[in-house]
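To start, the structure itself, in C-alpha cells.
First the proteins, then the strands, lettered A, B, ... as listed; each starts at 1. Note that these values count all heavy atoms, side chains included, but never hydrogens, waters or copies made by symmetry. Treat the numbers as computed from the prediction; the structure is a model and nothing was measured.
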Amino acid sequence: MQTKKTSKINGRFGEYGGQYIPETLMSEVAKLAKAYEYYRNNSDFQAEMMDLLKNYANRPSLLYYAEKMTNDLGGAQIYFKREDLNHTGSHKINNVIGQILLAKKMGKTRVIAETGAGQHGVATATIAALMGMECEIFMGQVDTKRQALNVYRMKLLGAKVNSITTGTGTLKDAVNAAMQEWSKRTNDTHYVIGSVMGPYPFPTMVSDFQSIISKEIKQQLQDKTGKLPDAVVACVGGGSNAMGAFYHFISEPTVRLIGCEAAGKGVNTQQHAATIERGSVGIFHGMKSKFLQNEDGQIDEVYSISAGLDYPGIGPQHAALADTKRAEYVGITDDEAVAAFEYIARQEGIIAAIESCHAVAYVMKLAPQMKKDQIIVCNLSGRGDKDVAAIARYRGEKIYD
Amino acid sequence: MQTKKTSKINGRFGEYGGQYIPETLMSEVAKLAKAYEYYRNNSDFQAEMMDLLKNYANRPSLLYYAEKMTNDLGGAQIYFKREDLNHTGSHKINNVIGQILLAKKMGKTRVIAETGAGQHGVATATIAALMGMECEIFMGQVDTKRQALNVYRMKLLGAKVNSITTGTGTLKDAVNAAMQEWSKRTNDTHYVIGSVMGPYPFPTMVSDFQSIISKEIKQQLQDKTGKLPDAVVACVGGGSNAMGAFYHFISEPTVRLIGCEAAGKGVNTQQHAATIERGSVGIFHGMKSKFLQNEDGQIDEVYSISAGLDYPGIGPQHAALADTKRAEYVGITDDEAVAAFEYIARQEGIIAAIESCHAVAYVMKLAPQMKKDQIIVCNLSGRGDKDVAAIARYRGEKIYD
Amino acid sequence: MSRQLRDIEERKFMTEKRLRAAFTNQHKAFIGFVTAGDPTFEKSVAAILALAAGGADVIEVGVPFSDPVADGPVIQDADLRAFATGITTTKVFELVGEVRKKSDVSLVLLVYLNNIFKYGYDRFFSKCKQVGIDGVIIPDLPMEERSEVLPFTLKYQCALIPLVAPTSGDRIPQIVQETTGFVYVVSSMGVTGVRSQLDSNLEDMITAIRKSTDAPIAVGFGIHTPEQAAKIAAIADGVIVGSAIVKIIAENTAVTIEKITGYTRQMGAAIHKGDREKNL
Amino acid sequence: MSRQLRDIEERKFMTEKRLRAAFTNQHKAFIGFVTAGDPTFEKSVAAILALAAGGADVIEVGVPFSDPVADGPVIQDADLRAFATGITTTKVFELVGEVRKKSDVSLVLLVYLNNIFKYGYDRFFSKCKQVGIDGVIIPDLPMEERSEVLPFTLKYQCALIPLVAPTSGDRIPQIVQETTGFVYVVSSMGVTGVRSQLDSNLEDMITAIRKSTDAPIAVGFGIHTPEQAAKIAAIADGVIVGSAIVKIIAENTAVTIEKITGYTRQMGAAIHKGDREKNL
Ligand SMILES: Cc1ncc(COP(=O)(O)O)c(C=O)c1O
Ligand SMILES: Cc1ncc(COP(=O)(O)O)c(C=O)c1O
C-alpha cells in the first residue's frame, strides 16, 4: 500500500516521527524532504555550508578541558564543547545556516521561524540578513515582553517580529503561528524550525546539521586524549544540541548519552518541562513523540527558568533513544541549574546559558561518581549573557540593563 | 645622570610615555617592568600564554570577508577581524590573559582593575576566576548604575566590585581609585590596566599582548589574498585594540593606519572624547600623552555613547603615531556610530560593539573612495549585545532586559 | 437510484450511508460547523439543532484542541470558550448523544489526531459508531499517515474524510483514492477563518479530484456570504461554513439560535438555487 | 652655626633658605596642609595665617587637581570645594600673594605635575619665585622623571621635595641624593588621610635616608593625634599633617579659624616637647 511504503521513509525513529501536518503543508514538506535528500549528498552544498560554518559561524568550536572543575569535583575529567563561542552565541546557528542555505537553493526568498527566548530567532534573523532573505519571526507575546532585548536584536537584523497572543503566548503558540503562516505561504517561504522536531524531514535534517558538534568532539578528543568519552551530557529542550552532541556516539556502545531536561520547580509539581520523565506518547507539531499533555491529549502549559527548555515536547529521536535506553534522560531543577550557572562562572570564568547549565548541573553530580581516568564531555550549547539579569532576579536583586 | 639613563628605557614614544606615578607605586612598577622584560622573552611563558589564548580565549579570531558590505559600498574589499568572537566578547581578554599570567609568575594572588562599561572588568574577573586569583574591580558609581548587568556578571565570576563615588563617578575615577588601591597594597596585588596607558611598562606590555591581532591579520590576509591590507581601521578609547591591530603594520609604509575616536555629539560641542583631535599634551595616569583638559591641566569630563571610548586620554604610542603622521585619527559621532551599528547588523548579521562601530562608520566613508582591488581590514573589537538596550533607547524605544 | 447512491451500495462497507445521503437528495449539501461546548454544553447542542432546523445537511462538530494548528483565531477562541466550561473528549461524545436524542442529521467530527490518539484509536471510533458519528475530519492527518487510523475507521465504519489543498497538485489522485464520505477541499491556503476572496484555482482542483473519485466534493475555508456559497455550489457538491457560524455563536445573545437558523436558511437558499433551477 | 645650616650655606644655590630654616630653630618642624581656595579664596588665606599663628613652621598649600591620585577622600573633597568657587593655578598664586602680605612663613606647594606642565615649567617656577614659594611637592613625579622639572627648580631656586615611601627600599639613596628642602617620608602606603595606626618600619626608613643625605626628614600621611606626632618627632625632623586640618576647615563654622590655631598649638606642643627637654 502506498501509504505504508511512504511512511517507512518518513523518518521514523521506532514508533516516533512521521509527518502529521495539514495537507496545506504536505506538498511543501514533501518538496523539502526531496530537496534535502538531494543536497545532503551534494558536495557543493556541503562545501558551501562548511564554508559558512567555518568562516562565519566560527567553527570548529573549542573542546575545552575544564581543569579546575575536574580537580574540584575530584572524579572524571570534564571537557566542555564550547558552542557558546559560535557567532550569535549558541549551537542554533549550525542548523540555521544549513536550513537557510537549503531554502536558498530551493529558490525561497523569505524565511520564517518560531522562537521562545529569542536565540533561534536571532540566529535565523542573522543568517537571513547575511543571505539577503526576508525574515519574519513568531514569538509568544509573553516572551516578547520578557525578552524585549532579543526582539529589538531581531529587528536590528532586519527581521519582522510577530507577537503571538493566542494560547499561552509562549513557545508552542509561536510554533503554531509559524506553521499557520507557512500554510498560508509556501511558494517563496521556508519555515526554519529551531530544533529536532516537527514533521520529517525536520528532525533528521536538524539533527544532521547539528551533528557537526559530535563530529568535532570525536576528532578533538581523539587528538587530545586518543580516547572516546565515557559520557556525553547535554541539555534537552526540543533536543537539537543534544542530538548534535550524541549523533556520532550513538553507535559507540561504551559512550553513555545523557540528556538533561528542565525539571523546573520539581517533576512532582505542575511547573516543569520534563517531557521524557513525565510525558506520554502523543502526536503534535507534526510528529509522534513524547509530550506533556493531559489524558485528553490537550498539550500542557510547561515551565522552566530557562526559556530555551520551556517546550512541552521533545524530538522523536530522543523519544526513541529513551525507549531503547540508548540514552538516559534526567531532570534538573531551576535551583540546580542556577547553582551550576554560578559554579561554572566562578570555577572556569564561563558564563554559560541557563539551558546549558542544566547539563553542567548533572556533570556536577556525575563526575564525582566516575573514575579519574574517565572522561565526560558536556555540551555548552550557548552563552549566558542573556540570562544574567534573570539570575540576578532569581537571587533577589533588581537589575535592568 | 641616573635619571636620564632610566627615562630612556621607560618606554618613551617620542616625547610621550614615561612613569609619572607616586613613589608608593614606583618600586612595584619597576619590579613589574623587570618581570615583564624577563617573561616577554621567556619561551615557557609565551607558550603558556598562547595555550590560554588558543584553548580558552578562542584564538585565532576569524578574519572575515564582508562580501555584502563590500558590494554594497562598492569600493575597497572589506575584511573584519572578529575579536567579538573571543571568549567574553572582546579583545580585552588578550591583554588580561597576559597580565594575569605575568602576575601569577610574580607571585601575586590578587588582581585589581578599573572598568568603564564593564568589558575589561568582566575579562579580568573571568581570567581571575580561571586562575584562582582574588579579584577586585573599581567602577565609577555612574557606570555601576548604567551597567548593572556587568556588575552582576563580575560578581558571578567571583569578583568584588567597588563603586567609586569620587569625581565624575566614571572611568577616569575608576582608574584613580584602582591606582590608589594599588598604592595601598602591592605586595600581593597586581593592577591589570585595561588599555595601552598608564606608566611604563603598561603601554608597551598591553600593546605586546594585543599585537597578536595584527600578527594574525597579516598571516590570515596573506593566506587569503597574498597581500597586505591598504588600510587598517580600529576604534580608539585608550587605544589597545587599535595598537593591537596596527602593531605589525607600523613598519609597512603602504598600510594606512586609522584610529577612530569618539566624537560624541560633535567635536565642536563639549560632549565628545576625541583626544587626538581636540586634546593637548599633558601628564596624567602615569604617562605623558594627549588628554582632554582645560588650560589649567584639569582633566575634562568626556562623553561618548560608547562607554568603552569614554576616556579623556589616549595611549602614548598613539600620541606619537599621530605626531609623526604614521597613523591618522578621525572623529566619529554618536549618530554615525549608531548608523553603522544598524548597518552592519542588517548587512552582515553581526551585532558589533558600539565602540567597534566607530571604526565601521569610518569604513563606510572610506571604502567607496578606494579601488576595488584595495583592502581594508577593520577591527571588530567586541560584540554588541551589551549595547542593544542603549541603541534601542537612542532610537526612542524603552527596553529593559 | 442516482449514480452516487449506486456507488455507495457497491462499496465494501456501508459506514457512511447517512453521510453520503446528505449529498444525494437532489441538492448541493450545506455543511455547518460548531465547536462542541461553545459557549456551553447546552448551547452548542442547541446550535447544532438550530443548524439542522435551518436545513444543514451535515454538521461538523469540532472537538476543542489546545493547539488547533489548522484553525484561525475565530475557532481558536471557540475552543478556549469550550475549555472554560470544562469540555473533554468524553463530554463531546455525550454532547453528540444529546443531539442524537432529537435529530438524525448527519454528524462528523473535526478532531485533531492527538485527541483521538490519547483516547485510543479503537475506543474512539467504537464510541463514534455508538453515538452516531458518520465521519471524521482530521486536519493534521495527511495521506502519508492515514494507515495509522484507517484500520479503525474501517472497523467501525466511520468515514475518514480526506482534505485536498490548493497545493495538493499531483498528490490528489492518491489523496482521494478510496475516499469514504466526501472530499473536503480547502479553498485557500492558511487556516480556517472568513475571507473576502477565495483562491482562483478551485475549478481546476475540483476537475482534478473528479478524475480520481466519484465521491462528493465539499469546499470549505473562508466561505461566509451567500454569494460565495452560490458560486461554490455551482461547481462543487457541498459548501462548508465554519467561522461565520462560530462568530454568530460567539455573540451569545438571546437571539443567537434564531440567527443561526436564519443564516443557515439564507446560505441554504443560495446553495440550493441551482438545485431548484435544475428541478424546474 | 649648626651642621645643617652650614650644609645649606655650602650648597651651590640658596633656593630654600627659609625652608631649611624651619628645621633649624632647635625644634622639630610642624608642617600643616591647606587646600588653596577651600572653602573659599579668603577663608583658605585665613586658614594659612591661622596655621602660621599657631606656630606651624612650614605650610603646604595644595593646588587643587581634578584627579588627585595620591590623595584620599578628605583632600579630594577639599579640591571639589575649591573648584566650586573657581580656583585656578593663577588664583593659587594670587592666594599665596595675599598670604605673603601678612606672613613670612615658609610655604611649599603640593601640586600634581600636569598643573605645572600645562602652566609651563619655566613660567610656573618663575612665578613660584616671584610670590615666595620655597618648594614644591609633586606627588606624581618619581625620581625617574625628575629630570623633567629639575632644570627649572634649579633655575628658580625652588626646592624639589622628594618623597620616600615604605616600599622605596633600595631606591632611597637615589631618591634623596641631592635633596633640596627636606625629604618627605610617606609613613604608610596608599593615599593621604587620617589613620589610627602608622606603618611600623618608619625608623628603618629614616635610618636608611640619613645614610644618604643630611637633609631634614619630615613624615606625613595619616598623622592626626598629638600622640602620633610626638612619636614621629622623636625620630624625624618634622611632622606633616594634612587631612586632619582639612577636616577642620571642612566644618566651615564661625570658630574654624580658632580651631585651626588651637589644633596647631596642640600639635606643636606635642612635637616640641622633645625640643624643650633637650633645651633644659
Ligand atoms: C543555548 C540553548 N541551549 C539549548 C536550547 C534548547 O534547544 P535544543 O534542545 O533544541 O538544543 C536552546 C533553545 O533556545 C538554547 O538557546
Ligand atoms: C569592545 C571594545 N572596543 C574598544 C574599547 C576601547 O578600548 P581600547 O581603545 O583600549 O581598545 C573597549 C573598552 O571597553 C571595548 O569594550
Side-chain angles (χ1 to χ4, degrees), chain A residues 54-58 61-68 82 84-89 93 122-123 125-132 146-153 155-159 224 341-342 344-351 383-386 388-392 395 397-401, chain B residues 54-58 61-68 82 84-89 93 122-123 125-132 146-153 155-159 224 341-342 344-351 383-386 388-392 395 397-401:
Chain A
K54 209 171 146 231
N55 295 311
Y56 186 74
N58 202 28
S61 68
L62 285 180
L63 183 70
Y64 167 72
Y65 176 48
E67 196 175 347
K68 251 184 102 193
R82 300 287 308 271
D84 60 312
L85 293 171
N86 296 342
H87 179 53
T88 72
I93 198 158
V122 168
T126 296
I127 302 300
L130 182 71
M131 299 208 190
R146 61 185 175 188
Q147 300 288 337
L149 268 185
N150 266 345
V151 173
Y152 195 77
R153 205 170 265 134
K155 287 183 187 165
L156 274 171
L157 293 160
K224 280 178 199 259
F341 185 94
E342 293 169 341
I344 184 176
R346 221 162 263 225
Q347 285 287 328
E348 296 291 346
I350 298 173
I351 294 183
R383 63 178 184 233
D385 304 74
K386 65 185 183 59
V388 172
I391 300 295
R395 289 298 187 213
E397 301 210 19
K398 288 265 160 289
I399 283 186
Y400 295 94
D401 187 8
Chain B
K54 210 172 145 231
N55 295 312
Y56 186 75
N58 202 27
S61 67
L62 284 180
L63 183 68
Y64 167 72
Y65 175 48
E67 195 175 349
K68 252 184 102 194
R82 301 287 307 272
D84 60 313
L85 293 171
N86 296 342
H87 180 52
T88 72
I93 197 156
V122 168
T126 297
I127 303 299
L130 181 72
M131 299 208 190
R146 60 185 177 190
Q147 302 287 337
L149 269 184
N150 267 344
V151 172
Y152 195 76
R153 204 169 266 134
K155 288 183 188 166
L156 273 172
L157 293 160
K224 280 178 200 257
F341 185 93
E342 293 168 340
I344 184 175
R346 220 161 264 225
Q347 286 286 328
E348 297 290 346
I350 298 172
I351 293 184
R383 64 178 183 233
D385 304 74
K386 66 184 183 60
V388 172
I391 300 296
R395 289 299 187 212
E397 303 208 19
K398 288 266 160 290
I399 285 186
Y400 294 95
D401 188 7

Exercise for the section: For residues B:Ile351 and A:Arg153, determine if any side-chain heavy atom of one lies less than 4.5 Å from a side-chain heavy atom of the other. Expected result: yes
Practice task
Would you mind checking which part of B:Ile350 comes under 4.5 Å of any heavy atom in chain A, side chain (CB onward), backbone (N, CA, C, O), both or neither?
Solution key: both
Problem - Heavy-atom pair count under 4.5 Å with chain A, highest-scoring of B:Glu342, B:His87, B:Glu67 - result: B:His87
Problem - Chi angles and distances behind the side chain to side chain contact (heavy atoms under 4.5 Å, CB included) call for B:Arg383, A:Asp385 - result: CA-CA 12 Å; B:Arg383 64 178 183 233; A:Asp385 304 74; 3.2 Å; yes
Problem - Shortest non-hydrogen contact from B:Arg346 toward A:Ala129 - result: O-CB, 3.3 Å
Problem - For chain B, the option from A:Ala159, A:Gly158, A:Ala66 that forms the most heavy-atom pairs under 4.5 Å - result: A:Gly158
Problem - Nearest heavy-atom neighbours spanning B:Leu130 and A:Lys68 - result: O-CD, 3.2 Å
Handout entry: More than 12 heavy atoms of other groups within 6.0 Å of B:Lys54 NZ
Key = no
Handout entry: Contact check, side chains of A:Arg395 and B:Lys155, non-hydrogen atoms, under 4.5 Å
Key = no
Handout entry: N/O donor-acceptor pair under 3.5 Å between A:Tyr56 side chain and B:Tyr64 backbone
Key = no
Completion exercise
Here the pair of heavy atoms bringing B:Ile391 nearest to A:Tyr152 is O-OH, 3.9 Å
Exercise for the section: Sort A:Leu63 into side chain, backbone, both or neither according to what part of it lies under 4.5 angstrom from a heavy atom of chain B. Expected result: neither
Practice task
For A:Gly349 and B:Thr126, work out which heavy atoms get closest and say how close.
Solution key: O-CG2, 3.0 Å
Practice task
Looking only at non-hydrogen atoms, find the nearest pair between A:Leu62 and B:Asn55 and report the distance.
Solution key: CD1-O, 3.3 Å
Fill in the blank from the handout: Heavy-atom closest pair (A:Leu85 atom, B:Asn86 atom, distance to 0.1 Å) is CD2-C, 4.4 Å
Problem - Choice from A:Gly384, A:Ala390, A:Ala392 maximising heavy atom contacts with chain B below 4.5 Å - result: A:Ala392
